[in-house]
2 protein chains.
Amino acid sequence: MEFKPTIEDVAKLAKVSIATVSRVINNQGGVRKATEERIVSAINELGYIRSAVARSMKRKETHTIGIIVPDIKNPFFPFVVSGIEQKAREKGYYTILSSTNESPIVEEEIVKIFIERGVDGVIITTANETGDHIKLLHDQGIPIVAIDRAIKNFEVDTVLVDNVNGSYQAVQHLILQGHKKIAIICGPQNTTPGHERFLGYKKALEDYNIPLDDKLVIQGDFMEGSGFHATHELFDLEARPTAIFSSNNLMTIGCMKALVDLDWKLGEEVSFIGFDDVEIATFIKPKLSVVSRPMNTLGEIAVQLLYERMNVKGNLPKRQYLLSPELKIRESCQLNKIKI
Amino acid sequence: MEFKPTIEDVAKLAKVSIATVSRVINNQGGVRKATEERIVSAINELGYIRSAVARSMKRKETHTIGIIVPDIKNPFFPFVVSGIEQKAREKGYYTILSSTNESPIVEEEIVKIFIERGVDGVIITTANETGDHIKLLHDQGIPIVAIDRAIKNFEVDTVLVDNVNGSYQAVQHLILQGHKKIAIICGPQNTTPGHERFLGYKKALEDYNIPLDDKLVIQGDFMEGSGFHATHELFDLEARPTAIFSSNNLMTIGCMKALVDLDWKLGEEVSFIGFDDVEIATFIKPKLSVVSRPMNTLGEIAVQLLYERMNVKGNLPKRQYLLSPELKIRESCQLNKIKI
DNA sequence: ATGAAAGCGCTAACAT
DNA sequence: ATGTTAGCGCTTTCAT
């Protein structure tokens, strides 16, 4: 049955005008019971499904939310996306997802396509926080919610995780265990998460009067490989750190691999805390302590903010959420195990 | 600049008809160089972006591929989706993704929405392999490609992994190591992967004349919890197995957690192979041997098949791909470690 | 309670 | 090489 019935076919079969059919499929009321029944059975008989395209054309809205993430393969994002999707569906919105592989160029293309397709709003974790390349959205008056990473050059609603606080807690915990030589594997300093996590590290050291040692600050790029190399670098230091703080999940993985490689004994020769929970955390012995982000909540709040912005006529002020990460102490940073 | 310019605005500014503008934005040629330049600069000046909605309305195609997966949080799917998305974008298609949480009801809703939105094709890992609930797509003549799980009640292109072969290899390897009491943690037997992986297990036992012991066959549901419980059950057996084969990634995770809990020593007291590679595989000591599926390729082939079906007028026969999984031998099933 | 008709922004067939 | 125009399927205003 390759034939796609339209509202007109339904109208004919039910012997009414298309306007009346429209009223029924949109539950607008004002249609006589009997007429409605005739229409409904015509719809069923034909297997009519209304065209969202035509509807969008007329209504100037698609009920579609565009989602842009930098890397769908990073396990953090599927959890966030899952939160977004579920909440969005609840509210009658649907999502179109794209992953940019951290490329601002790809991101710009995607933005263009999202505009072409008339998305009603966008939730984005951008690959370039200046936001210049997604200015187009802003210009078109399409609501944006930035999650996990801020947009600098114009105002948008934002849902962030309190990175400074999260890494502060982690490093503080390490310090309270007696560590003084605490290394950090950093994320890119031109990203909010990367920079802020470093800031939290720095602040904790300052608060406890531990001088910052540049040699213990290794730059990474949030990818597994850089965690691996950073750990090697740290191991080769004359004054090896007694504790390592890794700025994200993927680098934590890399770090763990390096530790095994180097036979650098986790929990005995070196303590560890990582930003982001990882699947492996509870399998490694000792179990990994981590700072964990509320991924699902992140997605849900983003939808809520976007929803308000899409459906409120008046001007809303810029809203900013800062979610608290949670320090999960497990076994990789226990007291007294390490000779300091 | 909340104003959205249309093709007409461009035409006016460039002092041509909308037809000519249309020719330019679709690169159809037959436009004088000078005219084209005028149009292009009008487009830039206005910041015109053509409406995909209006275009779809006319063309009866959206260049959108709908993707339906049962659980985006299962790390297998982001990798598949990533393969799909990349290949699709190369071909000028875009993807709209939904996760059903293994619910055929949600799946049916999503199918309806996909049809409303006029997707040109669908790539699906269904939550109910009869396929009855997605018959609608088929009826509308919308091309479908089933991946990872087959559709039984009507014909669609299919990209599957050779599950029988994969688990056969795994179990065979275990047998060749001298194991006779090999347990399997099964997936749901009403899913292709669940059933086929059991079949491979059975066949390997038969081929090596090892009688199948019902006690060593534990039913799971592909979720972490069931892997955990299954392992406990196995441990409680009078005749404990000397090796375990787990039918998927999540159950492998559950199994590992149980092993730690029970202090049942992996690689010493019990060997292990799991279906699907998992992130933790190389962190656990001993490293986990696994059967690994080509996730990216799975997605890419699916797009290729779908693309052909969307763009070829004539009837194509049903195509079926069967990708070979790869046995990755690491350390969790070494010879001589276990007293058998 | 129902119908007629305009029009959303675009493409494509048909003029010129 | 360029313009005119008829829809695509729907919503919505205005009549009746």
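The model shown is predicted, which means the values in this text are computed figures rather than measured ones. Atom set for the values below is all heavy atoms of this structure, side chains included, hydrogens, waters and symmetry mates excluded. In what follows, chains carry the letters A, B, and so on, assigned in the order in which the sequence lines appear, proteins first and then strands, with residues in each chain numbered from 1.
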For this session: Kindly give the heavy-atom pair with the smallest separation between B/S82 and A/I72, and that separation in Å.
Result: CB-CG2, 3.9 Å
Exercise. Closest heavy-atom contact between B/E61 and B/D120?
Worked result: CA-OD1, 3.5 Å
Starting at [atom1] of [X] and ending at [atom2] of [N], how long is that distance when rounded to a whole Å?
X     : N     : atom1 : atom2 : result
A/K58 : C/dG7 : NZ    : C1'   : 5 Å
B/K12 : D/dG3 : NZ    : P     : 14 Å
A/E8  : C/dA5 : CD    : P     : 13 Å
A/L46 : D/dG9 : CG    : P     : 14 Å
A/I18 : C/dA1 : CD1   : P     : 20 Å
A/I7  : C/dG3 : CD1   : P     : 12 Å
A/N27 : C/dA1 : CG    : P     : 15 Å
A/K15 : C/dG3 : NZ    : C1'   : 16 Å

Just N and O in the side chain of [X]: are any of them under 4.0 Å from OP1 or OP2 of [N]?
X     : N      : answer
B/S51 : C/dG9  : no
A/T35 : C/dA1  : no
A/S17 : C/dG3  : yes
B/R59 : C/dA12 : yes
B/K60 : D/dG9  : yes
A/R55 : D/dT11 : yes
B/Q28 : C/dT11 : no

Taking any heavy-atom pair under 4.0 Å as a contact, classify [X]: base, sugar-phosphate, or nothing.
X      : value
B/R50  : sugar-phosphate
A/S22  : base
A/E116 : nothing

Seminar exercise, completed: Which of C/dG3, C/dC10, D/dA1 is nearest the side chain of A/V16? It is C/dG3
Exercise. Which nucleotide in the set C/dT11, C/dG3, D/dT2 lies at the smallest distance from any side-chain heavy atom of A/T20?
Worked result: C/dG3
Problem set entry | Ion pair A/R149/A/E102, N-O distance below 4.0 Å | yes
Problem set entry | salt_bridge(A/E85, A/R89) N-O dist < 4.0 Å | yes
Exercise. Do the numbers put B/R293 on top of the ring of B/F76, so that NZ or CZ is under 6.0 Å from the six-membered ring centre and no more than 45° off the axis?
Worked result: yes
For this session: Answer yes or no: does atom NZ of B/K318 have more than 12 heavy-atom neighbours from other residues, nucleotides or ligands under 6.0 Å?
Result: yes
Problem set entry | Residue met sooner reading DNA chain D from 5', once A/Y48 and B/R23 are mapped to nucleotides | B/R23
